[in-house]
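Below, read A as the first sequence line, B as the second, and so on, with proteins coming before strands; counting in each chain starts at 1.
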Protein chains: 2
Amino acid sequence: MTKTRTAVHHDASSSSGDPQAIGRMVTSYDVAKLAGVSQSAVSRCFTPGKSVSERMRTKIMRAADELGYQPNAIARMLITKRSNLIAVIVSNLSVNPDFASILSQHMIERGLNLLFFTLDQDADADRAIQQLWQYRVDGVISAAELSVEQIGVLRERGIPLVFINRLYDVMGANSVGCDHAEGEGWLIEKLVSAGHSRFGIVAGPEASVVSRMRLRGALDKLAALGCAAPQVVHSDFTYAGGREAMRGLCGGKKRPDAIVCANDLMAIGCIDEARLALSLKVPDDVSVVGFDGYAPGQWGGYQLTTVRQPVASMVKAAVDMLVARIEEPSMATEKRVFSGELVEGSSARID
Amino acid sequence: MTKTRTAVHHDASSSSGDPQAIGRMVTSYDVAKLAGVSQSAVSRCFTPGKSVSERMRTKIMRAADELGYQPNAIARMLITKRSNLIAVIVSNLSVNPDFASILSQHMIERGLNLLFFTLDQDADADRAIQQLWQYRVDGVISAAELSVEQIGVLRERGIPLVFINRLYDVMGANSVGCDHAEGEGWLIEKLVSAGHSRFGIVAGPEASVVSRMRLRGALDKLAALGCAAPQVVHSDFTYAGGREAMRGLCGGKKRPDAIVCANDLMAIGCIDEARLALSLKVPDDVSVVGFDGYAPGQWGGYQLTTVRQPVASMVKAAVDMLVARIEEPSMATEKRVFSGELVEGSSARID
DNA sequence: TTGTAGGCGTTATCAC
DNA sequence: GTGATAACGCCTACAA
């Protein structure tokens, strides 16, 4: 009775030779049989940090190579309760194309794999959370906003979570981000001290946390410097949205002399609208600044004055933080805030 | 003896109440016990297409909700040998930012999840293949080039593979792509019939299959129309590379009157170099065309004449093709080639 | 160091 | 329709 399983395995492989030929997967039992050792020896051999004698190791490895054996991660996950899988959630608006690539590299270095979720519709977030839970991911990195309930679900289930570029004041929501308010403050300061006085602000969607933080930073600094309240319009973070917003801001009598955009893409739209439709010179007639460090903003025609987010640092910090929580789940919630880097382009009149 | 497992389960949950409280995962046994039914009943209840009586279903679902039970996908994978995981491989050069998002949506519709691999270094491809095999993915979509050996490994292991935008003539390499030669042909035809005669071509890296196909299409069409051999330079698909290439092409005596670029990003670089550094008017002094349908190419300042790849169609076709192969592994190798769409912008002088 | 035996949580296969 | 029991492929005490 106790030998049933072993017998089955032996039968299967001895009755028809090469297991691959009959479409069965090569298991550690096949390797063990060929090498003439026990299955557990094979297992140890493929588990880093377990002691196996040199003789046995070579014998097993030879057999494994011959059969093309690779351990089945699924069976391993089931017993170790470690999937080495990290769920990465991004919203479709997500700007930075390097993001996935950088993240992927850091994961590779740590032997982690990346289960990818894109959020297009609102319902997608719930589905993503359900799926990543079913796959028993070791942790989650989110570049998308999640509801308090969704964060709560992850917390209850003990899945470590790190937000990237979404600073939340919610229990259990670790995050790494960029100091949006500080960055906007720098831009405003520069613009004011260069003599700008009529500000127009192109914010993002009202619901966007990032947009709100940037807007707040700009407004606070303007107030602190004693400037008149700026004209604020909300847009949608897109190029077309930027152009439209610019049209709106410059339609009135008192055209702004400085446009502060909540991201680079909209700033680019503003510049194009100014030059191509409004016949305004940038930065002579109007200064335009953005935020992000979007590559096209640095193309010859734009040379956007902006604040570059330290994406590489942020991503590395997020992975570090997540891994720390996976290894030590009781770690306290933490935020890491990086300063951006002021990029003085030529889209704004600054000293 | 035969009751050992059941006994263990019952002991664990009855001795300490709520299983979540002690960090154990909620299993189908917990639900079964609470609902007063067998574990198999719970399993059937969560398996679409299995018959369960209405009474039992409600009883089980109530218990499941109460405990927050979700089936463990890992255990399911182990027995069903279906992971519902699709590996997606992209190279870091990968241009189209929507790609991941579109792909993700199609996968969601089919209940598939996305295991994501980015290739930065050459060794990454082998690692990716090793990993995706260990996770027993159901299939692979690759937007990166793989070696014949790597394709062979997947074939041997019976993992369906579909290339996207990489047409290979290798056994077992299904693919969906865009007709690069046809598209370049359209561009060349338009340019020639508008009177252009001195062509400069900015190709991609020599190793790039896509670049080679586009270059071949352009050269063939030029030859067919009896044009003089164009000046060809190779670059790296980047903005900076495009600017540099433009400088090179226009440095000689006989400046080209039409620049054909292997992608939009380089074309944008060429336009900027022409306008900002060489003081040339586009398209009056020189026409520039690209290939891809990269969004910034349509910004006001560029309005690139180009061929837009039907990304959405291609991605959908790739997923369809892959799923078909997963369900019917013996299907013959297939290529699907989509025509691009000519975008007549204003970066080229065309009737 | 090596082998034995018992799970991990699910689906599949039978009897009933 | 329902319930017992055997896989799935591996890791891990524990005994040798």
Side-chain angles (χ1 to χ4, degrees), chain A residues 1-9 11-13 19 24-33 35-57 59-60 64 67 69-84 133-136, chain B residues 1-9 11-13 19 24-33 35-57 59-60 64 67 69-84 133-136:
Chain A
M1 179 68 180
T2 58
K3 278 196 165 187
T4 309
R5 162 184 288 144
T6 311
V8 168
H9 274 281
D11 285 354
S13 43
R24 242 189 71 252
M25 258 185 280
V26 181
T27 75
S28 52
Y29 278 94
D30 299 317
V31 177
K33 171 144 185 289
V37 301
S38 76
Q39 183 272 338
S40 49
V42 178
S43 172
R44 274 194 293 268
C45 197
F46 278 86
T47 309
K50 296 281 181 180
S51 49
V52 197
S53 73
E54 210 41 59
R55 246 191 79 240
M56 181 149 266
R57 159 159 274 121
K59 220 173 22 177
I60 291 175
L67 295 175
Y69 171 75
Q70 293 270 94
N72 183 326
I74 296 173
R76 172 182 290 159
M77 287 191 264
L78 188 57
I79 185 121
T80 60
K81 294 173 178 320
R82 268 283 229 128
S83 63
N84 286 328
W133 164 246
Q134 289 195 4
Y135 281 94
R136 300 301 190 265
Chain B
M1 179 66 182
T2 56
K3 280 197 165 187
T4 309
R5 164 183 288 143
T6 309
V8 168
H9 273 278
D11 284 357
S13 43
R24 239 187 74 252
M25 258 183 280
V26 181
T27 75
S28 51
Y29 279 94
D30 300 315
V31 177
K33 170 145 186 289
V37 300
S38 77
Q39 182 272 338
S40 335
V42 178
S43 172
R44 273 195 295 270
C45 198
F46 279 87
T47 309
K50 296 278 183 181
S51 50
V52 196
S53 72
E54 209 42 57
R55 246 191 79 240
M56 182 151 260
R57 159 159 275 122
K59 218 170 26 174
I60 292 176
L67 295 175
Y69 170 76
Q70 294 270 94
N72 183 327
I74 296 172
R76 171 183 291 161
M77 288 191 264
L78 188 57
I79 183 97
T80 61
K81 297 172 177 315
R82 267 284 228 127
S83 62
N84 286 329
W133 165 244
Q134 290 194 4
Y135 281 93
R136 301 299 190 263

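Look at CH2 on W133(A): it is 11 Å from P on dG9(C), rounded to the nearest Å. Following rounding to the nearest Å, K50(B) (NZ) and dA12(C) (C1') show an atom-to-atom distance of 7 Å. Going from atom OH of Y135(B) over to atom C1' of dG9(D) covers 15 Å, rounded to whole Å. Residue Q70(B) contributes atom CD, which lies 11 Å from atom P of dT10(C) at whole-angstrom precision. For the pair K59(A) NZ and dT1(C) P, the interatomic distance rounds to 15 Å; values are reported in whole Å.
Using a 4.0 Å cutoff on non-hydrogen atoms, the parts of residues 72-82 of chain B near DNA chain D are L78(B), I79(B), K81(B), ordered by number.
At least one side-chain heavy atom of K81(B) sits less than 4.5 Å from a side-chain heavy atom of M25(A). Residues Y135(A) and M77(B) form a side-chain contact, since some pair of their non-hydrogen atoms from C-beta on lies under 4.5 Å apart.
The two residues K50(B) and R44(B) come nearest to each other via the heavy atoms CB-O, 3.6 Å. Shown here for A41(B) and M56(B), the closest heavy-atom pair between the two residues is CB-SD, 3.8 Å. For the pair R76(A) and F46(A), the tightest heavy-atom approach, listed with the atom from each and the gap, is NH2-O, 3.8 Å. Heavy atoms only, all atoms of each residue included: L78(B) and L78(A) are closest at CD2-CD2, 3.5 Å.
Judged purely by atom type and a 3.5 angstrom limit, R57(A) uses its side chain to pair as donor or acceptor with the backbone of C45(A). Between the S28(A) side chain and the V42(A) main chain, no donor and acceptor come within less than 3.5 Å of each other.
Distances shorter than 4.0 Å separate some side-chain N or O of S43(A) from OP1 or OP2 on dC11(D). Proximity of Y29(B) to the phosphate of dG7(C): no side-chain N or O atom is located under 4.0 Å from OP1 or OP2.
Y69(B) comes within 4.0 angstrom of sugar-phosphate atoms only, judged by non-hydrogen atoms across all strands, and of no base.
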Can you check nucleotides 1-3 of chain D for protein contacts, nitrogen or oxygen pairs under 3.5 Å, and list what you find?
unit_1	atom_1	unit_2	atom_2	d
dG1(D)	OP2	S51(B)	OG	2.4
dT2(D)	OP1	S53(B)	OG	2.7
dT2(D)	OP2	S53(B)	N	3.0
dT2(D)	OP2	S53(B)	OG	3.4
dG3(D)	OP2	S38(B)	N	3.3
dG3(D)	OP2	S38(B)	OG	3.1
dG3(D)	N7	R44(B)	NH1	3.4
dG3(D)	N7	R44(B)	NH2	3.2
dG3(D)	O6	R44(B)	NH1	3.4

Can you check side chain to side chain contact (heavy atoms under 4.5 Å, CB included) on N72(A) and T27(A), steps first, answer last?
CA-CA 8 Å; N72(A) 183 326; T27(A) 75; over 6 Å; no
